[in-house]
Amino acid sequence: MKEFFGWQKGDWGAYFGLLANNLTNYFTMAGLLIFTVGLPAEFVYTRIAPGFGLAIFLAGFFYWYAAKNLIKKTGRTDVTALPSGPSAPSIFLVVFLIILPIARETGDVYFAWKVALGWCFLEALVELSGAFIGDWLRRIIPRSVLLSCLGGLGLLLLAMNPILQSFEAPLISFVVLAIIFINWFGKKPIFPRIPTGFLLLAVGTLLAWVFGQMDVSAIAEGAETVGISIPLLQLTDLFTGIPPAFGFLVSAIPLGVTNFIFTLENIESASAAGDDYNVRNIMIANPTSSIVGCMFGCPFPTTVYIGHPGWKSIGAGAGYTLATGFTVFLIGLFGFGGLLLSIIPLSAVFPILFYVGIVVAVQAVNESPRVELPAVFVCLFPWIANWALTLVNNTLTSAGTSAGEVGLTAFADAGVYHSGLVALGSGAPLSSILWGCLVVFAVRNKSTYAIVTALTAAVLTITGVIHSPSVGLWLQPELTIGYLLLAVLFAYKYFDARRTSDDVKESQKTEKELAANQTV
């Protein structure tokens, strides 16, 4: 049975870590829909959550099947499946840019949900296009850039918040972190006969209950959500929502492109770690899962998660991603999520995500040629700005104000370059790749590639896909002109290199003619 599922000892740690990540997004989704949008809890748990779980299970099945095929193809038993789950950015985007505005304008939360289903369908079609250009993009974007962008995402969006949350619960997290350092970073594990993933949760849960950070009454509250909710096909609702969803296509296109770029980065990361998956097959999996999900009431796309090298480093195989997807499906089917969180503290799981983010970042350094190492760190800056911008905006929102009300002058007086954070942090997934490519092409003296990169950046900037908080024309004219100036600079470098090369050839030709005349 273990051989059939491709289950390895390290699958336990990967399973618990990936499950925690999925559950975090599961409860974020439910909380936003219930408390922010105002959808009834019963509707969320019986009409949306089952489709949510089904989509995640389907994605997990796809990646498990791909890993099994790779095992069969290579004869290796150390193949690690790609992790997957709901797209965290899309949860916030769908809620705050689609469902909430429509609900407030029309007063109909159910109509807003239907439009979100249509939006998810359109986003999945955009993402599906990546399956046909993924191989081409993988050939022209340097590996060091793809891995570095993923490393930036791992450090800032996966590892940073968990380590901050760990320091808010040191009585639990510090011991869990130390076990990770010993067992996964080190060579001589403590309690080697116990799977580390299980050990981490057991120790963290025990400490949480011992130090009184868990509440027995919460178990009864968590049990209240338990009940069977079968996924229901909701095609009428989906088809009702597609026509008005075209009005939100400007947000579906950038997210769809971003998601297939993420997938491409994860494929490259897996390849660097030794698991070379078929690009097209992997890139078809996510949009297909998303389409099935929205057919069953879930308006949130699925995506490949970062972390493959981290899970591989602890000996995970193919089984953990299937087990995670199946567990999330069961949670949606039976409503077990609240009960689980009332028993197992998230503070016992956050350090695992911190570890995965670190390993992804380390891979970018290890797999990049020495001459391209500057690109690794340049790629980090858009992610740093993105994280800082999110932190600033969330802080302002919690204080009941906004950046516009505070004013740029006040920010500047406090030493906070808010305009720079907006410009550098908006569209971080794409701008990180573009700036990484500019560095590598400059280092490698590939001026024509750099020109194309700069012009591409100018087009994406003038349309608001990058460097702007929303899509629109001519939102950042100075940045657009800046990229055009870069293109001019690299064009000068290209023609100068050609002129120098022609001068050298002419000089060599003259020397040969003189030598021939002297011989005569």
Exercise: do Ser269 and Gln363 side chains pair donor with acceptor under 3.5 Å: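 The criterion, which ignores hydrogens and geometry beyond distance, is satisfied for Gln363 and Ser269.
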Does the side chain of [Y] come within less than 4.5 Å of [X]'s, by heavy atoms?
{"X": "Phe329", "Y": "Leu58", "result": "no"}
{"X": "Thr321", "Y": "Trp311", "result": "no"}
{"X": "Val359", "Y": "Trp184", "result": "no"}
{"X": "Phe52", "Y": "Pro231", "result": "no"}
{"X": "Asn25", "Y": "Tyr305", "result": "yes"}

How far does [atom1] of [X] sit from [atom2] of [Y], to the nearest 0.5 angstrom?
{"X": "Leu206", "Y": "Met214", "atom1": "CG", "atom2": "CE", "value": "12.0 Å"}
{"X": "Asn266", "Y": "Ile261", "atom1": "CG", "atom2": "CD1", "value": "11.5 Å"}
{"X": "Phe381", "Y": "Trp435", "atom1": "CZ", "atom2": "CH2", "value": "12.0 Å"}
{"X": "Phe260", "Y": "Leu128", "atom1": "CZ", "atom2": "CG", "value": "10.5 Å"}

Look at the side chain of [X] and the backbone N and O of [Y], then say whether any donor-acceptor pair between them is shorter than 3.5 Å.
{"X": "Ser166", "Y": "Pro162", "result": "yes"}
{"X": "Asp275", "Y": "Val79", "result": "no"}
{"X": "Ser368", "Y": "Val365", "result": "no"}
{"X": "Gln234", "Y": "Gly51", "result": "no"}
{"X": "Asn183", "Y": "Ile190", "result": "yes"}
{"X": "Ser290", "Y": "Thr302", "result": "yes"}
{"X": "Asn22", "Y": "Leu18", "result": "yes"}
{"X": "Ser129", "Y": "Val126", "result": "yes"}
{"X": "Tyr320", "Y": "Ala81", "result": "yes"}
{"X": "Trp209", "Y": "Ile343", "result": "yes"}

Plane angle bin for Tyr45 and Tyr26 - parallel if under 30°, tilted between 30 and 60°, otherwise perpendicular: tilted
Phe57 and Phe61 aromatic ring geometry - parallel, tilted or perpendicular at 30°/60° bounds: tilted
More than 12 foreign heavy atoms under 6.0 Å from [atom1] of [X]: is that the case here?
{"X": "Ile140", "atom1": "CD1", "answer": "yes"}
{"X": "Glu42", "atom1": "CD", "answer": "no"}
{"X": "Trp113", "atom1": "CH2", "answer": "yes"}
{"X": "Phe167", "atom1": "CZ", "answer": "no"}
{"X": "Phe191", "atom1": "CZ", "answer": "no"}

Stepwise side chain to side chain contact (heavy atoms under 4.5 Å, CB included) check, Ile291 with Leu125: CA-CA 8 Å; Ile291 289 172; Leu125 293 182; 4.3 Å; yes
Test side chain to side chain contact (heavy atoms under 4.5 Å, CB included) applied to Arg143 and Ser271, step by step: CA-CA 10 Å; Arg143 166 177 281 195; Ser271 176; 3.2 Å; yes
Step-by-step salt bridge (Lys or Arg N to Asp or Glu O under 4.0 Å) determination, Glu372 to Arg444: CA-CA 9 Å; Glu372 295 179 6; Arg444 294 292 187 184; 3.0 Å; yes
